[in-house]
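Quick notes on the structure that follows.
Since this is a predicted model, take the numbers as computed values, not measurements. Just so you know, these numbers use all the heavy atoms, side chains as well, and skip hydrogens, waters and symmetry mates. Each chain gets a letter, A, B and so on, in the order the sequences are listed, and its residues count up from 1.
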Amino acid sequence: MLSLQFIRENADRVKRDVLLRNTTAPVDRILQLDEERRAILQQVEALRAKRNTVSKAIGATKDAADREVRIVEMRLVGDEIERLDTGLNKIEAELKEKLYEVPNILDPDVPKGPDETSNQLVEVVGDLPRFPFAPRPHWELGEIVGGLDIERGAKMSGSRFYTLRGPLAKLQRALIQFMLNEHGRAGFTEAYLPYMLTEASLYAAGQLPKFRDNLYRDFEEDYYFIPTAEVAFVNLYRDEIIPAGQLPMRFVGHTPCFRREKMSAGRDVRGIKRGHQFEKVEMFVYCEPEQSEAELEALVARARSIPEILGLPYRVLALCSGDIGFNSTKTFDLEIWAPGQGEWLEVSSASNCLDFQAWRANIRYRPGGEQGVRHPHMLNASGLALPRTVIAVMENYQREDGSIEVPEALQPYMGMNVIPAVMA
RNA sequence: GGAGGGGUCGCAUAGUGGUCUAGUGCGCCCGCCUGCUAAGCGGGUUCCGGGGUAACUCGGUCGAGGGUUCAAAUCCCUCCCCCUCCGCCA
């Protein structure tokens with residue numbers, strides 16, 4: 001969230017960015033509540049100060065009658081404090097709730113526009129492959145190489161589930177290993193994380209209350225399934241003060257992700273592009289505010305290195321104000337071309353969230369050689385999302401008979417050069 | 001899941017209703033003293049919020065949240081976490 005102080009001092013900017021995001025947020029109500037809060041706070045704190053002083057005096061008073069007079073007086077003060085406190089609590093509860101609804105401010109570089117049609121194409125890298133035959137979509141290739149089984153996934157778990165077996169299961173694992181190793185080599189610390197988090201953790205990361213409809217949760221206990229590893233990474237340092245000299249901290253981890261995609265039944269139904277459960281390799285950075293712009297560039301470069309090494313054509317988009325995520329001030333998406341289904345697949349989203357999540361999750365750090373504490377900036381980027389990268393490899397490396405070449409970088413992980421066609 | 005023990009300032013500990021403005025030791029920071037170092041001496045050392053240009057000041061903060069009281073680290077209730085043992089188990 002944005003700090004109250006920031007909203008107070010930059011109200012116009014905050015309101016303008018909310019409009020640019022094509023959304024709404026109760027900024028005026030927050031400003032009003034803030035003023036009410038401070039007015040009451042001054043009264044109630046003055047009364048508390050009085051009670052503290054007098055109560056201490058009562059302890060030191062020997063005269064019983066004198067004590068009794070003061071106790072009665074303080075009883076009245078106590079009643080008044082309670083009355084004011086009740087009002088204050090109500091205001092603070094509403095204030096907190098409303099603060100949770102305000103999205104991050106926008107970086108000035110963010111293109112303006114109401115929805116995804118205004119996203120800006122930054123760069124296209126690699127030539128789109130030309131095939132001397134009609135390239136097949138991955139669900140057909142999956143049948144030919146005999147590793148994709150959508151029906152049995154649906155049988156055990158319903159629609160939007162599938163199973164992989166044999167070389168395709170192995171291809172996914174190879175990609176995960178490959179990406180973890182690549183990012184690890186670049187200095188990112190590998191992390192293994194919980195896949196279920198408490199409700200408080202989901203609030204801290206900004207998933208709740210807004211995205212409740214997209215989350216799976218345990219029926220009886222306080223556990224939510226992570227929709228992305230980002231949620232866990234944010235909570236790594238929740239309610240902590242990071243000692244001086246530790247930033248930047250760069251992490252990478254692989255987790256499954258669980259999302260309730262309650263979208264219209266007709267969209268993205270073919271194949272495995274969008275499921276309720278998928279794998280993802282995620283990068284996450286904690287850094288000092290002065291570093292976050294450079295760290296975002298570095299994260300995008302990290303993410304891009306994967307399709308580049310794999311020889312997959314991709315493009316980079318700068319998300320516009322209407323499409324950018326709630327927590328983010330600036331986001332780049334990476335999309336890989338899938339020639340079989342003739343579509344760009346989003347495989348990464350790299351975002352600078354500034355100190356937005358740090359405020360929400362109560363994360364501070366000690367700057368070296370300086371007094372006090374500051375809020376770190378936090379960034380995240382997929383590196384990359386999995387079944388989609390599997391799709392991209394399958395569709396870009398397919399051959400006429402439906403067999404699939406294994407990109408050179410993956411061959412050591414796969415132990416094979418070609419995924420053979422077993423059904424013609 | 002059962003039984004017991006425990007959560008206090010960076011660390012270790014003291015504190016069972018008012019003398020706690022949470023003490024002491026260690027660590028750390030500043031200063032004094034000092035050929036150097038060590039020791040010694042003096043001062044400082046949580047975080048959040050309010051007021052103030054500032055010096056400063058007020059409130060809150062002893063795992064979390066409620067309650068009792070003029071007054072709570074201390075008493076009561078609920079919850080969380082950690083440790084030991086038993087059960088179960090990948």
Side-chain angles (χ1 to χ4, degrees), chain A residues 1-9 30-100 192-204 208 217-224 232 235-247 255-256 355-376:
Chain A
M1 64 185 180
L2 299 172
S3 74
L4 246 187
Q5 192 192 346
F6 184 88
I7 294 175
R8 209 183 285 149
E9 290 169 2
I30 287 170
L31 294 168
Q32 184 194 348
L33 287 167
D34 176 45
E35 285 201 27
E36 289 176 20
R37 170 178 172 271
R38 281 185 291 166
I40 297 178
L41 199 58
Q42 284 174 38
Q43 296 176 50
V44 77
E45 287 191 352
L47 288 175
R48 268 195 231 277
K50 182 177 180 189
R51 184 176 67 181
N52 288 345
T53 314
V54 176
S55 287
K56 197 184 292 179
I58 290 172
T61 302
K62 300 280 185 283
D63 183 345
D66 192 23
R67 281 172 74 107
E68 196 46 47
V69 169
R70 298 212 209 187
I71 286 174
V72 170
E73 188 192 346
M74 283 310 103
R75 200 171 286 152
L76 293 175
V77 170
D79 291 345
E80 180 66 1
I81 289 174
E82 200 179 336
R83 192 183 67 79
L84 290 172
D85 241 356
T86 305
L88 192 61
N89 287 340
K90 249 177 85 180
I91 288 170
E92 290 188 334
E94 188 185 345
L95 196 51
K96 193 174 164 190
E97 183 190 310
K98 295 285 192 285
L99 277 172
Y100 277 154
Y192 171 77
L193 304 160
Y195 303 159
M196 298 187 287
L197 304 182
T198 61
E199 183 166 74
S201 296
L202 274 294
Y203 267 99
L208 288 176
R217 58 181 168 282
D218 183 275
F219 191 71
E220 296 183 303
E221 300 198 69
D222 179 26
Y223 287 127
Y224 286 77
N235 278 281
L236 265 184
Y237 285 90
R238 172 155 62 94
D239 295 323
E240 287 193 45
I241 298 174
I242 299 165
Q246 294 198 4
L247 299 181
T255 69
D355 60 3
F356 190 82
Q357 291 170 313
W359 271 97
R360 198 151 171 145
N362 190 31
I363 299 169
R364 278 80 47 84
Y365 75 97
R366 292 193 194 282
E370 228 183 286
Q371 286 289 304
V373 293
R374 301 176 73 192
H375 290 77

Please give, in whole Å, the distance from [N] [atom2] to [X] [atom1]?
| X | N | atom1 | atom2 | answer |
| --- | --- | --- | --- | --- |
| A/Arg238 | B/G63 | CZ | P | 18 Å |
| A/Glu36 | B/G50 | CD | P | 16 Å |
| A/Leu76 | B/A71 | CG | C1' | 16 Å |
| A/Leu88 | B/G50 | CG | P | 12 Å |
| A/Glu92 | B/G65 | CD | P | 13 Å |
| A/Asp222 | B/U78 | CG | P | 20 Å |
| A/Lys56 | B/A22 | NZ | C1' | 12 Å |
| A/Glu73 | B/A71 | CD | P | 13 Å |

* To do: For nucleotides B/U34 and B/G52, find the distance between their C1' atoms and express it as a whole number of Å.
  => 43 Å

* Distance between P atoms of B/A72 and B/G67 (Å, rounded) -> 13 Å

Looking at the side chain of [X], which of [options] is the nearest nucleotide?
| X | options | result |
| --- | --- | --- |
| A/Arg8 | B/G59, B/G50, B/G18 | B/G50 |
| A/Val373 | B/A71, B/G49, B/C48 | B/C48 |
| A/Met74 | B/G50, B/C70, B/C47 | B/C70 |
| A/Arg364 | B/C70, B/G51, B/C47 | B/C47 |
| A/Arg37 | B/G60, B/G49, B/C47 | B/G49 |
| A/Ala49 | B/G50, B/C47, B/G59 | B/G59 |

According to the Watson-Crick and G-U wobble definitions, with both distances under 3.5 Å, which nucleotide is paired to [N]?
| N | answer |
| --- | --- |
| B/A14 | none |
| B/A90 | none |
| B/C79 | B/G63 |
| B/U21 | none |
| B/G27 | B/U45 |

* **Distance-only donor-acceptor test (3.5 Å): side chain A/Arg51, base B/G59** =>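 Side chain to base: no pair present.
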
* Asked: Quick one: does A/Glu45 reach the base of B/G49 with a side-chain donor-acceptor pair under 3.5 Å?
  -> yes

* Working for side-chain hydrogen bond (donor to acceptor under 3.5 Å, both in side chains), residues A/Tyr224 and A/Glu199 -> CA-CA 7 Å; A/Tyr224 286 77; A/Glu199 183 166 74; 2.8 Å; yes

* **Residues that A/Phe6 engages under ring pair (Phe, Tyr, Trp, His ring centres under 6.0 Å), provided they are two or more places apart** => none

* **Residues forming a ring pair (Phe, Tyr, Trp, His ring centres under 6.0 Å) with A/Phe356, sequence neighbours excluded** =>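 A/Phe356: ring pair (Phe, Tyr, Trp, His ring centres under 6.0 Å) contacts with A/Phe326.
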
* Asked: Between A/Asp34 and A/Gly59, which has a closest nucleotide on RNA chain B that is more 5'?
  ->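 Looking at RNA chain B, the more 5' nearest nucleotide goes with A/Gly59.
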
* Map A/Arg70 and A/Asn52 onto RNA chain B by nearest heavy atom, then report which one ends up closer to the 5' terminus. => A/Asn52

* Looking at A/Arg38, does any N or O in its side chain come under 4.0 Å of the phosphate oxygens OP1/OP2 on B/G51? ->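 Result: yes.
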
* To do: Report, as yes or no, whether the 6.0 Å neighbourhood of atom CD on A/Gln32 holds more than 12 heavy atoms from other residues, nucleotides or ligands.
  =>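 Correct, the count exceeds 12.
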
Please find the pair of heavy atoms, one from [X] and one from [Y], that lie closest to each other, and give the distance.
| X | Y | value |
| --- | --- | --- |
| A/Leu84 | A/Leu47 | CD1-CD1, 3.7 Å |
| A/Tyr203 | A/Arg360 | O-NE, 2.9 Å |
| A/Ile363 | A/Asp239 | CG1-N, 4.3 Å |

* Asked: Which part of the nucleic acid, if any, lies within contact of A/Ile58, taking any heavy atom under 4.0 Å across all strands shown: a base, the sugar-phosphate backbone alone, or nothing?
  ->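 It contacts base atoms.
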
